[in-house]
Structures are given as C-alpha cells and as structure tokens.
Amino acid sequence: MATNRRPFGVTLVALIAWISGAVAVIRGIVTVANPPTSDDWSGWIGVAIGVVTVLVSFGLFGGNSAARVLVTIVFVLDLVSALITLFTYFGPLVVLGAVVSAALAVIGILLLYTRRANAFFRG
C-alpha cells in the first residue's frame with residue numbers, strides 16, 4: 001500500500017516558513033522592547049505576521065491546502081515587493097536583498113506546485 005509521503009520540496013518550504021515566522025516574532029518583540037527607537041505598531045504587526053506564518057507552516061507540514069494557498073499569496077506579495085524594491089531603490093545590498101527575496105519566492109511557489117506536491121496536498 002503506497003503512502004502519500006510529504007515531498008522534500010514541501011518540507012523545505014514549510015521549514016523556511018517556520019524559520020521566517022519565528023524570526024518575524026523575535027524581530028517584532030525586539031522592536032517593541034526598544035522604546036527610544038521603536039515603532040510599537042510595526043513591532044506588533046511583525047509579531048502577528050510571524051505567529052500566523054508559524055501556524056501556516058504547520059499546515060504545510062500536514063498537507064493543508066489552505067495553508068498552501070496562504071503561503072502562495074505571501075510568496076506572490078514578496079515577489080511583487082522585491083520587484084518594486086529592485087526598480088525603486090539603489091545600492092548593492094538593497095539589490096542583492098531584492099534578488100534573493102524574489103528568487104526564494106519563485107522557488108517556493110515552484111516547490112509547492114510540483115506534481116508530487118499536488119498529489120500530497122490532494123491527500
């Protein structure tokens with residue numbers, strides 16, 4: 001009897017999403033806890049986005065189709081943001097960051113929609 005094992009690509013995207021969410025939570029907490037230079041609202045938004053990202057990553061691990069759609073939306077928004085940054089701001093580090101961000105978004109989308117990933121999310 002064949003089992004529908006999670007493809008490595010889905011596992012990789014879920015791990016990256018989990019790490020990204022954890023980093024967003026930590027970054028948000030540091031922002032809120034740094035009163036002289038903090039932006040409380042942006043820190044709390046970062047915490048909220050980080051928590052949602054961590055929760056959605058667990059959905060990817062379990063093969064939840066809604067989690068895949070949410071992560072895809074986030075990747076598309078990341079890609080658009082990276083492209084805007086690429087054509088708006090100048091400087092080698094900004095360009096490098098935008099290129100890396102865009103590449104990760106494209107790779108993530110591709111990995112979530114391979115034939116094996118589609119079969120995994122179908123159940």
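This is a predicted model, so every value here is computed, not measured. Because only heavy atoms are used, hydrogens play no part in the values below, and waters and symmetry mates are left out as well, while side chains stay in. Count residues from 1 along the sequence.
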Do L111 and Y113 sit in the same hydrophobic cluster, where Ile, Leu, Val, Met, Phe, Trp and Tyr count as joined when their side-chain heavy atoms come under 4.5 Å apart?
yes

Side-chain contact test, heavy atoms from C-beta onward, threshold under 4.5 Å: evaluate it for L112 versus V71 and give yes or no.
yes

Just verifying a value: how many Å separate T114 OG1 and I109 CD1, rounded to the nearest 0.5 Å?
13.5 Å

Minimum-distance pair of heavy atoms, taken over all atoms of R5 and R116
O-NH2, 4.4 Å

For a quick test of reading the model, state the closest non-hydrogen atom pair linking V25 to V51 and the distance between them.
CG2-N, 3.6 Å

Please determine whether residues V52 and L60 belong to a single hydrophobic cluster, defined as Ile, Leu, Val, Met, Phe, Trp and Tyr linked transitively by side-chain heavy-atom distances below 4.5 Å.
yes

Rounded to the nearest 0.5 Å, how far apart are CD1 of I26 and OG1 of T31?
11.5 Å

Can you pull out every side chain to side chain donor-acceptor pair (under 3.5 Å) where at least one residue sits in residues 52-64? Sequence neighbours excluded, please.
none

Same cluster (ILVMFWY, side-chain, under 4.5 Å), V76 and I107:
yes

Say whether, by atom type as modelled, one donor and one acceptor occur between the side chain of T88 and the main chain of I84 under 3.5 angstrom.
yes

Please examine the side chains of V95 and L86, heavy atoms only from C-beta on, and report whether any two atoms are closer than 4.5 Å.
yes

N/O donor-acceptor pair under 3.5 Å between R6 side chain and F61 backbone:
yes

Side-chain donor/acceptor of S81 to backbone N/O of L77, under 3.5 Å
no

Check whether any side-chain heavy atom of N118 sits under 4.5 Å from a side-chain heavy atom of R68, and report yes or no.
yes

Quick check: is V74 connected to I19 through a chain of hydrophobic side chains (ILVMFWY, heavy atoms under 4.5 Å apart)?
no

F75 vs L104 side-chain heavy atoms within contact, under 4.5 Å
no

Rounded distance (nearest 0.5 Å) linking atom CG of L15 with atom OG of S20:
12.0 Å

Grouping I, L, V, M, F, W and Y whenever their side-chain heavy atoms are under 4.5 Å apart, do L110 and V10 come out in a common cluster?
no

